[in-house]
Amino acid sequence: MITVKFPDGATRDYAVGTTGTTVVESISKSLAKKTVAMRRNGELSDLSELMENGDVIEFVLRDDEAALELIRHDAAHVLAEAVQELWPDTQVTIGPVIENGFYYDFSRDEPFSMDDLKTIEKRMGQIIQRGASFTKEVWSREEAKRVFKAKGEDFKIELIDAVKEGEDLNIYKQGQWFDVCRGPHMRTTRDVGQAFKLTKVAGAYWRGDSNNPVLSRIYGTAWATKEQLAEHLHMIEEAEKRDHRKLGREMDLFHLQEEAQGSVFWHPKGYVIFRAVESYIRRKLDNAGYQEIKTPQLLDIKLWEKSGHWEKFRDGMFVVPDEVPAEDDNAPVLSGNAKLMALKPMNCPAHVQVFNQGIKSYRDLPLRLAEFGCCHRNEAHGALHGLMRVRQLTMDDAHIFCREDQVQDETKKFCDLLDSIYHDFGFEDVNILLSTRPEVRAGTDEIWDKAEGDLGDALEATGRSFTIEEGEGAFYGPKLEFHLKDAIGRSWQCGTLQLDFVLPERLDASYIGEDSARHRPVMLHRAILGSLERFIGILIENHAGRMPMWLAPVQCVVATIVSDADEAALKVVEQLKAAGLRVESDFRNEKINYKVREHSVAKVPAIFVIGKREAEEGSVSVRRLGAQGQTVMSVEEAIAALASEAVPPDLRD
RNA sequence: GCCGCCGUAGCUCAGGGGUAGAGCACUCCAUUGGUAAUGGAGAGGCCGACAGUUCGAAUCUGUCCGGCGGCACCA
């Protein structure tokens, strides 16, 4: 006899050899019907597992949140079976669950087409209908390798070799088809249900390494119900509507073109946003004790060699020979002997140069040097993406030179500043990651121990929670990453704080301490918005183009109904301008419906409509973006309301 | 950089071996209309670039360039 416990504390006795299935069936038929897996001593597990004495079990129903992962995992298996049924010469590799779905990587000569996806979906539907049971077997490594070798599954052999010693090698069968898998799975393929869809095909490297062969990856999404699937697909559509590249074109904010691949042409309206963001950050930094500087674009590569960037990031730097190219067609355009300069990919070495001028005292620390540094990075072609990934970017960058015992205080000050800034932009949900030493790095292990410890301690002292990301730090030091959630739940990494003991050493930065000896300062690299280009992209998507008043490129349009109102309207325009608002007028000979639609589509937050009536009584009819109707009020009242709304958040009372 | 898909008017897209179409936008004319599209006319394209096949290529093939979706990268 064995005893099984339930979460509510109840216990039941069963014969040895009892499985989860037997247990749930002994409780209630209807419960058994809905149960697809179990949580056994806290861990998700197959319902068919044998129970052991003292096990605490909790049943996982198909509608439970926890079942989603299983649905997606099983869907990945069904996908693989479907593909191998349709194209038996295809090799299978891995098929994990990801956010909102799953994928499976296949090795195949012919890549999959979008039409193939339809065919595969259909076959998946049939496999699910068949409802084969998932059954687990434990094989020896030799046996598994022999079987997969015979099937020509070379990638699986590598995976089998990667399973840790001492760990069971599980084979999950679903009918005739089987795969090496850690599990767990639901009862049968039928439990996957029909709320799934294959979404895209893409290339992906085997084991994520670009030296390895490229596999064909099929992405899919799967949900418990058709409603959830529909909701998810709707969400994707919403995200597409917010695409900043599309909105940027429609709203005439910026453009990109071949001749300056990856660099932004800001149009007047877009640059209004850029300047509003930059001025705001400048005020915040001024108030937080930073001093703004401006450093050169082109610096001799000798400096980059010294700093270590040359060695690590040479392939991402734009290098410029300091030489006039020859015009003679027969001569080489460049001699190859010129001194080499590089466009700065980041500001830190230049900031150290500023720090190094003159002699710094401990009394000068912490010294906070800020720069809206324009940096160039030769990003891979495939990486470029609208404003999100560009080759010329402007960072709200700053470097804090301080003593080691000031790190904690500076970290706290930084976190507070960051919170207030994100709050002002309307981002309240911030997730913090601490990234530790990467494989390729500068500095000794001792220095890294210290840096990681200091940064972790400092963050802990602020009382914020964070998660650790092993191996994701910068080459010169550990870093904090600040990820913020946007209006539709997507996460963006923006802020960063990096602790650096290495660069001050390499570039020989020092200050005179109280003991009148020379000391190395610690350097904190930090940014809050990251690249302004990217941050503006995020703002556009977060607001779906409907920028808050203080950031809206055009804050108000004054539109007339009849030309008799032009004179009064012109006065209102002048008054709005005098109040510091960005205003446009629309006195065209068009119907008011037409004008309202046009400016609404252009996402102008306020339209002041003036007809005969308003002109006579000195009022305006105010129509706000997104509102159904409009409000008539006095010109003064309307302007005051708009002006107060247009005050940047840091300047409000 | 790698894999796949795509490239026709400013934008969104249709078409397709015999030299090009729609809607919106644009220009002009009429309309002075009360809150998300007034009517009419006009103009606008080396069908991404180069090469090949062909009597003939925007259409088929190849190469390149660019865009998109992923992957890799992200100081």
Side-chain angles (χ1 to χ4, degrees), chain A residues 103 105 110-114 116 199-219 243 245-246 249-250 252 255-259 261 304 307-317 344-349 375 377-386 388-389 393 395 397 438 440-442 472-477 479 493 496 498 500 503 525 527 530-531 534 559-566 587-602 607-614 621-632:
Chain A
Y103 67 77
D105 285 347
E110 258 318 86
F112 297 103
S113 69
M114 289 305 279
D116 290 337
T199 49
K200 51 196 170 196
V201 285
Y205 298 110
W206 167 237
R207 302 190 135 183
D209 186 333
S210 55
N211 298 312
N212 287 344
V214 174
L215 306 171
S216 288
R217 175 172 299 179
I218 296 179
Y219 284 93
D243 190 318
R245 292 164 301 186
K246 182 171 164 277
R249 190 173 48 237
E250 283 171 10
D252 194 18
H255 85 270
L256 295 153
Q257 69 184 52
E258 269 188 64
E259 289 79 358
Q261 231 185 339
W304 301 109
S307 71
H309 290 91
W310 186 252
E311 196 190 339
K312 180 126 206 291
F313 293 112
R314 183 177 37 211
D315 56 345
M317 287 165 74
K344 65 174 168 186
M346 51 191 323
N347 305 301
C348 36
C375 297
R377 297 176 177 184
N378 195 351
E379 302 281 5
H381 287 80
L384 300 175
H385 182 95
M388 299 305 184
R389 192 78 177 268
L393 59 138
M395 280 193 291
D397 199 12
V440 182
R441 58 179 182 264
E472 295 295 318
F475 78 93
Y476 46 71
K479 66 178 179 187
Q493 189 206 320
T496 181
Q498 304 168 9
D500 182 1
L503 213 53
H525 305 242
S531 125
R534 180 163 172 278
T560 50
I561 296 171
V562 291
S563 52
D564 286 348
D566 287 3
F587 297 176
R588 291 174 303 172
N589 178 11
E590 292 292 349
K591 287 192 169 181
I592 194 59
N593 289 317
Y594 182 87
K595 295 186 184 182
V596 165
R597 177 183 151 79
E598 195 168 286
H599 302 303
S600 299
V601 168
I607 305 172
F608 283 8
V609 175
I610 300 180
K612 218 178 228 165
R613 216 156 51 224
E614 290 81 2
S621 168
V622 179
R623 189 186 177 94
R624 293 301 304 261
L625 184 59
Q628 293 296 322
Q630 53 278 335
T631 324
V632 177

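What you are looking at is a predicted structure, and each value in this text was computed from that prediction instead of being measured. Throughout, protein chains are lettered first and strands after them, A, B, ... in sequence-line order, and every chain is numbered starting at 1.
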For A/Leu256 and B/C68, give me the distance from atom CG to atom P, rounded to whole Å. 8 Å
Say you draw a straight line from CG of A/Asn593 to CD1 of A/Ile561; how long is it, rounded to the nearest 0.5 Å? 9.5 Å
Which whole number of Å gives the distance between the C1' atom of B/U53 and that of B/A57? 10 Å
Rounded to whole angstrom, note down the P distance from B/U8 over to B/U31. 40 Å
Provide, to the nearest angstrom, the distance between the CZ atom belonging to A/Arg623 and the C1' atom belonging to B/U35. 5 Å
Should the side chain of A/Asn593 and the base of B/G33 be counted as holding a donor-acceptor pair, with the cut-off at 3.5 Å? no
Under the side-chain contact (heavy atoms from CB on, under 4.5 Å) test against A/Arg377, which residue among A/Met317, A/Arg389, A/Met346 passes? A/Met346
Could you tell me how far apart A/Arg613 (CZ) and B/U32 (C1') are, to the nearest whole angstrom? 15 Å
Would A/Arg245 and A/Asp243 pass as an ion pair if we require N to O under 4.0 Å? yes
How long is the straight-line distance from CG of A/Leu503 back to CZ of A/Phe475, given to the nearest 0.5 Å? 7.0 Å
With B for base contact, S for sugar-phosphate-only contact and - for none (protein heavy atoms under 4.0 Å), nucleotides 69-75 of chain B reads BBBBBBB
Quick one: which of B/U32, B/U35, B/G34 gets closest to the side chain of A/Val562? B/U32
B/C3 C1' sits how many Å from A/Trp206 CH2, rounded? 17 Å
What integer number of Å spans the C1' atoms of B/C60 and B/A41? 40 Å
Parallel, tilted or perpendicular: which one describes the rings of A/His309 and A/Trp304, with boundaries at 30° and 60°? perpendicular
Neighbour count above 12 (heavy atom, 6.0 Å) for A/Glu250 CD: yes
Using atom C1' in both nucleotides, what's the gap between B/A25 and B/A43 to the nearest angstrom? 13 Å
On RNA chain B, compare the nucleotides closest to A/Val596 and A/Glu590; which residue's is nearer the 5' end? A/Val596
Separation of atom NZ in A/Lys246 from atom C1' in B/C68, rounded to whole Å: 15 Å
Tell me what A/Ser113 touches on the nucleic acid: a base, only sugar-phosphate, or nothing, going by heavy atoms under 4.0 Å. nothing
Listed partners of A/Lys612 passing salt bridge (Lys or Arg N to Asp or Glu O under 4.0 Å), at least two apart: none
Given pairs defined as Watson-Crick or G-U wobble with both distances under 3.5 Å, what dot-bracket annotation applies to RNA chain B, with ( ) intrastrand, [ ] crossing, | other strand and . unpaired? (((((((..((((....[..)))).(((((.......))))).....(((((..]....))))))))))))....
By nearest heavy atom, map A/Asp564 and A/Leu625 onto RNA chain B; which one lands nearer the 5' end? A/Asp564
About how many Å separate NE2 of A/His599 and CZ of A/Arg623, when rounded to the nearest 0.5 Å? 12.0 Å
Looking only at atom C1', what distance separates B/U27 and B/A9, rounded to whole Å? 15 Å
Which nucleotide in the list B/C65, B/U31, B/G34 gets nearest to the side chain of A/Asn589? B/U31
Let me know the distance between CD1 of A/Ile607 and C1' of B/U35, rounded to the nearest Å. 8 Å
What interatomic distance, in whole Å, is found between C1' of B/C73 and the corresponding atom of B/G15? 41 Å
From A/Ile610 atom CD1 to A/Asp566 atom CG, the distance as rounded to the nearest 0.5 Å: 9.5 Å
How is A/Lys612 classified with respect to the nucleic acid when contacts are heavy atoms under 4.0 Å: base, sugar-phosphate, or nothing? base
Taking only the side-chain nitrogens and oxygens of A/Tyr594, find out if one of them lies under 4.0 Å from OP1 or OP2 of B/C24. no
Measure the spacing between CZ of A/Arg217 and OH of A/Tyr205 and express it to the nearest 0.5 Å. 11.5 Å
In whole angstroms, how far is the C1' atom of B/U38 from the CZ atom of A/Arg597? 14 Å
Could you tell me how far B/A36 sits from B/A49 if I compare only their C1' atoms? Round to whole Å. 42 Å
Inspect the surroundings of CD in A/Glu259 and state if more than 12 heavy atoms from other residues, nucleotides or ligands are less than 6.0 Å away. yes
Gap between atoms CD and P, on A/Glu259 and B/G48 respectively (whole Å): 17 Å
Which part of the nucleic acid, if any, lies within reach of A/Gln630 when heavy atoms closer than 4.0 Å are counted: base, sugar-phosphate only, or nothing? base
Nearest-angstrom distance, C1' atom, B/G18 to B/A58: 12 Å
